[in-house]
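Remarks on the structure that follows.
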There are 2 protein chains.
Amino acid sequence: MRQPATIKDVAQRAGCGVATVSRVLNNTGPASAEMRRRVLAAVEVLDFQFSEVGRSLQSNTTRTIGCVVPSLANPVYADAVQGAQEAFQRAGYQTLLVCTNYNPEIEFQAIRTLIAKQVDGFVLTVSDAETSEGLAYIENRQVPYCLLFNTAPGDQISWSVADHSAAKTVADAFAENKHNDTGFLALKFQSSDRARQRYEGFVAGCAQNGMIKPALLEIDEDSQNLTDLLGMFLQENPDITGIFASNDFLALATIRSARALALEVPGDLSIIGFDGIEVGSMVEPSLATIVTDPKMLGAGAGKSVLSVINQTPPPDFPDPDLSFSFRAGGSLAPLFAESSDDGKVASFPPSNDLTQTDTHIQQERSK
Amino acid sequence: MRQPATIKDVAQRAGCGVATVSRVLNNTGPASAEMRRRVLAAVEVLDFQFSEVGRSLQSNTTRTIGCVVPSLANPVYADAVQGAQEAFQRAGYQTLLVCTNYNPEIEFQAIRTLIAKQVDGFVLTVSDAETSEGLAYIENRQVPYCLLFNTAPGDQISWSVADHSAAKTVADAFAENKHNDTGFLALKFQSSDRARQRYEGFVAGCAQNGMIKPALLEIDEDSQNLTDLLGMFLQENPDITGIFASNDFLALATIRSARALALEVPGDLSIIGFDGIEVGSMVEPSLATIVTDPKMLGAGAGKSVLSVINQTPPPDFPDPDLSFSFRAGGSLAPLFAESSDDGKVASFPPSNDLTQTDTHIQQERSK
DNA sequence: CCTCCCAGTGGAAACGTTTCCACTTTTGTA
DNA sequence: TACAAAAGTGGAAACGTTTCCACTGGGAGG
């Protein structure tokens with residue numbers, strides 16, 4: 001039992017040729033009842049299982065799909081991978097996971113390796129879809145793939161939030177609450193086409209609402225000194241009353257930093273986040289944000305690759321403009337309503353019903 | 001370029017045998033400078049890359065490791081997978097990911113499939129290490145593995161939090177704050193050896209501190225109606241002043257539900273969580289919790305399998321009792337200090353320094 | 001000058017499958 | 001009863017590698 005049994009062992013024990021064993025076990029081609037019985041018996045006693053490696057070599061197919069994302073530390077990607085993995089599992093495919101840490105070099109290497117391993121397809125979030133070497137390599141090799149969270153430059157499909165128009169919605173929300181001077185806060189701005197899209201959409205939305213062009217605060221590392229950076233930023237742009245953070249974690253951290261600077265949220269500074277992670281609605285004040293459904297997107301992207309692999313009709317692609325929804329929250333309050341004592345109570349979370357309605361819509365989309 | 005080039009194509013183009021190509025490219029065995037040049041040139045123009053499938057069949061090794069966890073929706077597992085994946089990547093291994101959704105049947109099937117795919121090893125979190133069919137199968141097949149988050153029943157090593165003694169620490173914290181009557185709140189209590197360990201540890205700790213045996217509230221699905229359940233629970237156990245939730249998400253949800261029941265946290269009810277997720281320190285009141293380092297554990301488990309695969313000395317195993325630390329927070333307050341107005345301010349998060357110190361210790365352990 | 005050794009090389013077997021093909025036996029039909 | 005078709009079966013090739021082995025030369029040491 002050291003070395004696992006091979007099809008030859010089974011054939012020998014059943015007293016037949018390997019071809020027969022293969023036919024019986026795969027239900028391909030004819031076999032007598034007697035043979036069937038003997039083969040099955042042999043399989044039983046030897047605890048035989050096909051080697052997928054041998055199979056793959058012969059069939060030129062691995063039933064494995066590569067999944068490339070920046071990091072699982074970000075729950076958005078974690079959820080998306082979860083969704084994709086479930087889709088693959090249901091279809092009998094395995095998931096080969098790589099985290100690139102937002103590093104294009106690692107991304108490229110990983111893709112090369114996965115192709116060498118002969119994955120049947122890819123679901124991936126590259127750092128920049130227009131320039132990604134890895135993506136070019138995949139296209140050149142003609143391996144099926146589906147983008148996730150990237151804004152596809154060409155005619156490829158991509159399961160992603162409509163970053164640009166979602167960011168516009170954020171601008172609208174600020175405008176409705178009479179904010180005029182705002183800032184945009186982003187991590188990894190250089191290496192992420194997502195962050196850039198959001199910034200551009202936000203700038204466009206602000207312009208459309210007749211607001212001042214938002215100032216940009218770009219931070220490098222994981223916000224150790226976010227408080228200092230925020231302080232400097234607000235000193236340079238003293239009239240800012242609202243900040244759009246490019247993800248919810250950053251938004252929560254910003255709230256914390258604002259407090260450390262003795263600023264009240266939303267009294268002195270309103271904050272809007274992006275992603276709609278669950279805890280955003282558990283904190284006080286609750287976080288105003290763009291709600292997305294990463295798991296649904298991951299599952300969609302997964303089904304998309306599967307459909308091109310198996311030549312089946314692709315899954316319904318959600319209307320990009322419905323891929324997100326705005327969730328009101330206590331971290332965003334109208335400007336000039338800033339009485340210091342009672343205002344806090346007045347600006348508390350609006351109807352939680354709204355929240356639930358919105359997420360419900362998202363859920364329905366995923367069916 | 002439709003079909004990728006094989007070693008034969010390279011050999012033909014370089015005018016030599018396949019053996020020579022293999023030797024040159026793998027730097028094994030001798031080769032003349034001229035041959036080396038010609039082979040390399042051929043590789044260049046054909047954009048040749050070894051097929052890992054062919055290689056695996058020959059070498060009986062796949063440089064792939066199976067990673068089996070309950071779900072990526074839980075950031076604890078997501079972080080752990082991230083850590084393991086990084087370790088594998090650095091060592092030139094790929095990660096084959098499966099999420100079991102806490103389902104032992106899926107767990108078993110997944111493990112079978114991964115073994116058929118000839119993974120070189122496993123890192124896994126099974127639902128119950130003592131009874132897991134899948135785990136038995138792995139042992140029978142003699143595939144290297146390392147447990148993660150499970151409490152190993154036998155002599156296997158497992159990278160996990162010392163759930164039992166961590167839960168004792170929680171009891172100590174309650175005792176220090178004069179709480180006597182407490183409850184334990186858990187998801188998936190039946191199917192998770194972790195939750196059971198925590199409960200047992202908590203019970204033991206309470207007994208040791210002369211407290212009442214804690215009541216158990218077990219919830220099934222993802223806390224849609226947690227508020228109702230909590231209400232009933234507190235009605236049945238009206239003297240409870242503190243609740244230990246088996247993870248931070250649950251703890252945050254409990255805080256929210258308590259508020260919905262018009263209870264003040266920590267004024268009327270103290271809460272302690274488990275895991276130490278980042279947002280726990282961003283909310284108000286901040287969450288008292290057991291801080292763990294899932295990424296470090298995942299990386300450790302990853303390095304452990306690698307060490308048994310490559311027959312190298314295993315990584316230092318952290319002292320189980322140092323695998324966690326208690327983080328004070330505003331959600332836990334001394335009993336009988338419950339003045340309704342000013343008490344809130346008084347019970348705000350203790351020194352943030354403590355927080356930072358604790359996590360720092362964790363970080364050091366991971367090196 | 002003869003050996004011996006070694007660098008350099010290619011042929012071929014082996015890894016575990018699937019599948020084509022050829023062969024034998026059974027079944028059905030006239 | 002004879003013949004064709006169909007069912008049942010096994011041998012062997014192919015998939016892309018690595019590696020063992022055998023075969024050349026040529027240089028060094030006697």
Side-chain angles (χ1 to χ4, degrees), chain A residues 2-40 42-43 46-64 112-120 141, chain B residues 2-40 42-43 46-64 112-120 141:
Chain A
R2 265 329 290 262
Q3 299 297 351
T6 76
I7 198 176
K8 280 183 195 158
D9 301 323
V10 176
Q12 187 171 8
R13 186 164 193 108
C16 66
V18 291
T20 303
V21 176
S22 176
R23 276 190 298 257
V24 168
L25 262 27
N26 294 307
N27 258 325
T28 160
S32 66
E34 167 64 6
M35 263 305 160
R36 197 163 246 107
R37 200 192 53 70
R38 298 217 313 255
V39 168
L40 259 24
V43 165
L46 294 175
D47 195 12
F48 169 76
Q49 207 180 353
F50 279 124
S51 156
E52 287 297 330
V53 177
R55 254 184 173 173
S56 295
L57 182 59
Q58 156 69 27
S59 67
N60 216 29
T61 218
T62 54
R63 295 194 85 76
T64 297
R112 279 189 74 97
T113 310
L114 293 185
I115 285 196
K117 286 220 156 107
Q118 285 216 47
V119 293
D120 292 339
R141 283 291 214 261
Chain B
R2 266 332 287 265
Q3 300 297 354
T6 77
I7 199 176
K8 281 183 196 160
D9 301 323
V10 176
Q12 187 171 8
R13 185 161 194 109
C16 64
V18 291
T20 303
V21 176
S22 177
R23 276 190 297 257
V24 168
L25 261 28
N26 293 308
N27 260 323
T28 159
S32 68
E34 167 64 6
M35 263 305 158
R36 197 162 246 108
R37 201 190 54 71
R38 296 214 319 250
V39 168
L40 260 23
V43 165
L46 294 175
D47 195 12
F48 169 78
Q49 207 180 352
F50 280 123
S51 156
E52 287 297 328
V53 177
R55 250 182 177 175
S56 295
L57 182 58
Q58 157 68 29
S59 67
N60 216 30
T61 217
T62 55
R63 296 195 83 78
T64 297
R112 278 189 76 95
T113 311
L114 292 186
I115 285 196
K117 287 222 155 110
Q118 285 215 44
V119 294
D120 293 340
R141 282 293 215 265

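What you are looking at is a predicted structure, and each value in this text was computed from that prediction instead of being measured. Order of the sequence lines fixes the chain letters, A, B, ..., with proteins taken first and strands second; residue numbering starts at 1 for each chain. The analysis underlying the following values was restricted to heavy atoms, covering all of them including side chains, and did not include hydrogens, waters or symmetry mates.
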Just list the side-chain donor-acceptor pairs under 3.5 Å for residues 31-39 of chain A, sequence neighbours left out, or say none.
{"unit_1": "Ser32(A)", "atom_1": "OG", "unit_2": "Met35(A)", "atom_2": "N", "d": "3.2"}
{"unit_1": "Glu34(A)", "atom_1": "OE2", "unit_2": "Arg37(A)", "atom_2": "NH2", "d": "3.4"}
{"unit_1": "Arg36(A)", "atom_1": "NH1", "unit_2": "Ala31(A)", "atom_2": "O", "d": "3.0"}
{"unit_1": "Arg38(A)", "atom_1": "NE", "unit_2": "Ala14(A)", "atom_2": "O", "d": "2.9"}
{"unit_1": "Arg38(A)", "atom_1": "NH2", "unit_2": "Ala14(A)", "atom_2": "O", "d": "2.9"}
{"unit_1": "Arg38(A)", "atom_1": "NH2", "unit_2": "Gly15(A)", "atom_2": "O", "d": "3.3"}

[X]: partners by side chain to side chain contact (heavy atoms under 4.5 Å, CB included), with sequence neighbours left out:
X        : result
Leu57(B) : Val53(A), Leu57(A)
Thr61(A) : Ser59(A), Asp120(A)
Gln12(B) : none

- Listed partners of Ser56(A) passing side-chain hydrogen bond (donor to acceptor under 3.5 Å, both in side chains), at least two apart: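 Applying side-chain hydrogen bond (donor to acceptor under 3.5 Å, both in side chains) to Ser56(A) gives none.
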- Those residues that, when tested against Arg55(B), pass side-chain hydrogen bond (donor to acceptor under 3.5 Å, both in side chains) (two or more places apart):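 Once residues adjacent in sequence are excluded, the partners of Arg55(B) under the side-chain hydrogen bond (donor to acceptor under 3.5 Å, both in side chains) criterion are Asn26(B), Glu52(B).
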- Separation of Glu34(B) atom CD from dT9(C) atom C1', in whole Å?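 Spelled out: CD on Glu34(B) to C1' on dT9(C) is 14 Å.
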- Message: Roughly what angle, to 10°, lies between the helix axis at the start of the helix from dC1(C)-dG30(D) to dA30(C)-dT1(D) and the one at its end, five pairs per end?
- Response: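 One end axis against the other gives 50°.
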- Message: With heavy-atom distances below 4.5 Å as the criterion, would you say the side chains of Pro4(A) and Gln49(A) are in contact?
- Response: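 Side chain of Pro4(A) against side chain of Gln49(A), heavy atoms only: no contact under 4.5 Å found.
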- Which pairs pass salt bridge (charged side-chain N to carboxylate O under 4.0 Å, His left out) with one or both residues in residues 7-28 of chain A, sequence neighbours excluded?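 Those involving residues 7-28 of chain A do not exist here.
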- Task: Using a 4.0 Å cut-off on protein heavy atoms (strictly under), produce a 5'-to-3' string for nucleotides 14-24 of chain D with B for base contact, S for backbone-only sugar-phosphate contact, and - for none.
- Result: BBBBBB-----
